[in-house]
Number of protein chains: 2
Amino acid sequence: MHIWFDMKLTAAQLDGSNMSVRAQHPWPLEDDEEASGLDLTLDEKTELSHFCDVISVGAKGPPIFTQGQHADHVFYVNEGIVQGRHTIRSGVRQSVALYWPGDFFGLARDGMFFNSAEAVIDCTLYRYPIRKLEKFLISRPRIQHKFLMKAVHDIRKTQRQLIIMGALDVARRLAVFLVDCCGHREYFDTGTQHLTIPISRHDIADHIGTSAETVTRAINTLEKKGLIRRETPWKLEIKTSELLAFSSLD
Amino acid sequence: MHIWFDMKLTAAQLDGSNMSVRAQHPWPLEDDEEASGLDLTLDEKTELSHFCDVISVGAKGPPIFTQGQHADHVFYVNEGIVQGRHTIRSGVRQSVALYWPGDFFGLARDGMFFNSAEAVIDCTLYRYPIRKLEKFLISRPRIQHKFLMKAVHDIRKTQRQLIIMGALDVARRLAVFLVDCCGHREYFDTGTQHLTIPISRHDIADHIGTSAETVTRAINTLEKKGLIRRETPWKLEIKTSELLAFSSLD
DNA sequence: CGCATGATTGAGTTCATTCAAATGGTGTGG
DNA sequence: CCACACCATTTGAATGAACTCAATCATGCG
């Protein structure tokens, strides 16, 4: 299915840089997108693919972009997970979003990126020149409308994260995160109910606004409650619905 | 300037209901909008005004809408302040946004409002039937593009709130809130540096994710540091730039 | 097999919460 | 005009959740 991209990853590693670029690659012409908002037709995807680059980013490497940097592209996650982060003056880092396949990212303010973006696992991304995309959208009102709906969807998603941060304790926040992970087939086996946690304790901590140690303790808490079972540090058996109930999020 | 709306408030109070409606009122044809994203031309405002209602909502009354309720309108704040709130299963309430004049609100998911909205002070709002607005936007790509930009702006605003909640302690969160208030001339006198806090301790607490008592204590903290001076519980003298520096937010 | 990295555990501390009580301001009715 | 009642704000004290720093334990890689 995505074999083509595996080749790209290899290429990226070969040339030693963290980010490799190829121009003019088509959107993967399947329609397996999550119900995450932007559901384009095949034709629309093809049209869009005419002016996007495909890039590969390794997890360990430098950020995809850094807050304050000049913003001339918008990114789309094809494979992998990207974390949007913001660093405040005191040096404290806060994750503002986790971008899964199907998500767009690269918000700008006054032509500069508002956040940094880092691949938390190896990724393949599509990259759109923002000017071209804007012109295209104005010439295709119905597609633009889908982007508007997607943006509204993203507001809601960010608000949801805000609710999670403001109203739940760490164990519940972790529960929500784990359930969210279970929504991604790449990491969750519906049959065995086994989840492979895709990101490190530290990245989870960033995401749910706590420290890596506290994440570990919260995992203990959930395990003691019988909501999860730890096989290895990254393999968990999950009771999805009990976890969701415990989180007390709607 | 907004005298016309003062009459409306009176009307609302007279008929005893909390929300009064009048159809077909024009957008106030000034161009004093904040740099909050959607900056329409006079012509565009006039076009939009052709299908909006004007409603008045009192601070003490029932919510403007409730989460889960059928969503067929989008709202625009003309005057006043509205708080978007979400209640989770445990009953805990979390504010997701404070809407000031110039802001849109009324996000829906599957045709239902995702949050509740309550006027925290008396408000006048414009109300747009969502279907008509959507059709209109598709027929006016450039206006739709402004709405898209506005939505992107709102994502950023929500992310900013997320950063505030995740990375700052209560005193700093309060500092940010106070500085934000100072951005609104209705409540802040630039000459005397006097701010009239427009909303209650409890609503502030909701907004910055803490309790009313803790808000009071945080005010004490800021006063001891010499960043603000309390004249009455609602009148503060503010050292804007010092406060902003203290908050350590960018 | 040993090192490096990440995960886990422990102990002490800090920050914010909760519950209870006191104070202050506002508006109403006498 | 005053007194009272009501509501919001403020203060106090005890509790608890999560953080930090340090040490120990796995896991994977050379």
Side-chain angles (χ1 to χ4, degrees), chain A residues 13 58-61 90-94 118 120-122 164-175 177-178 195-225 228-236 246-248, chain B residues 13 58-61 90-94 120-121 164-175 177-178 195-225 228-236 246-248:
Chain A
Q13 275 141 16
K60 309 271 172 185
S90 69
V92 177
R93 250 155 52 128
Q94 172 64 43
E118 295 178 36
V120 286
I121 58 173
D122 292 346
I164 289 165
M165 299 286 294
L168 303 183
D169 61 24
V170 171
R172 275 167 248 269
R173 276 181 262 170
L174 179 66
F177 169 72
L178 291 176
L195 173 71
T196 307
I197 301 180
I199 68 178
S200 75
R201 297 290 187 267
H202 186 79
D203 290 333
I204 298 174
D206 264 14
H207 181 60
I208 64 176
T210 186
S211 64
E213 296 94 322
T214 304
V215 170
T216 296
R217 291 185 228 275
I219 292 177
N220 289 345
T221 306
L222 297 183
E223 192 166 26
K224 267 190 231 120
K225 286 183 190 291
I228 62 176
R229 204 166 54 78
R230 207 176 333 193
E231 313 231 311
T232 79
W234 306 276
K235 297 260 177 206
L236 302 183
F246 168 73
S247 77
S248 82
Chain B
Q13 277 142 15
K60 309 271 171 183
S90 69
V92 177
R93 250 154 54 126
Q94 172 65 43
V120 286
I121 58 173
I164 290 166
M165 298 286 295
L168 303 183
D169 62 22
V170 171
R172 274 165 247 272
R173 277 181 260 169
L174 179 65
F177 168 72
L178 291 176
L195 173 71
T196 307
I197 302 180
I199 69 178
S200 74
R201 297 288 186 270
H202 186 79
D203 289 334
I204 297 173
D206 264 13
H207 182 60
I208 63 177
T210 185
S211 63
E213 295 94 321
T214 304
V215 170
T216 295
R217 291 184 227 277
I219 292 177
N220 288 345
T221 307
L222 297 183
E223 193 166 24
K224 265 190 233 123
K225 286 183 188 294
I228 63 176
R229 203 166 55 77
R230 207 177 329 193
E231 313 231 314
T232 78
W234 306 275
K235 296 264 176 202
L236 301 183
F246 168 74
S247 78
S248 83

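Chain identifiers are assigned alphabetically (A, B, ...) following the order of the sequence lines, protein sequences preceding nucleic acid strands; residue numbering begins at 1 within each chain.
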To the closest 0.5 Å, what do you measure between CD1 (I197(A)) and CD1 (I204(A))?
5.0 Å
Say you draw a straight line from CG of L174(A) to NE2 of H207(A); how long is it, rounded to the nearest 0.5 Å?
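That separation rounds to 10.0 Å.
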Could you report the tightest heavy-atom contact between [X] and [Y], atom names first, then the distance?
X: A167(B); Y: V92(A); answer: CB-CG1, 3.7 Å
X: V170(B); Y: A218(B); answer: CG1-CB, 3.9 Å
X: L222(B); Y: A171(B); answer: CD2-O, 4.0 Å

How does protein reach along nucleotides 23-29 of chain C, written 5' to 3' as B (base within reach of a heavy atom under 4.0 Å), S (only sugar-phosphate), or - (no contact)?
-------
Rounded to the nearest Å, what distance is computed from the [atom1] atom of residue [X] to the [atom2] atom of nucleotide [N]?
X: I208(B); N: dT17(C); atom1: CD1; atom2: C1'; answer: 14 Å
X: R172(B); N: dA16(C); atom1: CZ; atom2: C1'; answer: 14 Å
X: I199(A); N: dG6(C); atom1: CD1; atom2: C1'; answer: 14 Å
X: L174(A); N: dT8(C); atom1: CG; atom2: P; answer: 11 Å

Quick check on contacts: within residues 211-224 of chain A, what sits under 4.0 Å from DNA chain D by heavy-atom distance?
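When residues 211-224 of chain A is checked for heavy atoms under 4.0 Å from DNA chain D, the hits, listed by number, are S211(A), E213(A), T214(A), R217(A).
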Kindly write out the residues that satisfy side-chain hydrogen bond (donor to acceptor under 3.5 Å, both in side chains) with [X], not counting sequence neighbours, or none if the list is empty.
X: S200(B); result: D203(B)
X: K225(A); result: none
X: S90(B); result: none

For residues 208-217 of chain B, which side-chain donor-acceptor pairs fall under 3.5 Å, sequence neighbours excluded?
{"residue": "S211(B)", "atom": "OG", "partner": "T214(B)", "partner atom": "N", "Å": "3.4"}
{"residue": "S211(B)", "atom": "OG", "partner": "T214(B)", "partner atom": "OG1", "Å": "2.9"}

Looking at five pairs on each end of the helix from dC1(C)-dG30(D) to dG30(C)-dC1(D), what is the angle between the two axes, given to 10 degrees?
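Roughly 30°, once rounded to the nearest ten degrees.
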On DNA chain D, check which nucleotide each of R201(B) and V170(A) is closest to and give me the residue with the more 5' one.
R201(B)
Holding to side-chain contact (heavy atoms from CB on, under 4.5 Å), I want the full list of residues that pass it with E223(A), two or more places apart in sequence or in another chain.
I228(A), R229(A), R230(A)
Those residues that, when tested against R201(A), pass salt bridge (Lys or Arg N to Asp or Glu O under 4.0 Å) (two or more places apart)
none
Nucleotides bounding contact with chain B, strand DNA chain D, heavy-atom threshold 4.0 Å:
dT9(D) to dA13(D)
Sorted by chain and residue number, the ring pair (Phe, Tyr, Trp, His ring centres under 6.0 Å) partners of F246(B) (sequence neighbours excluded) come out as none
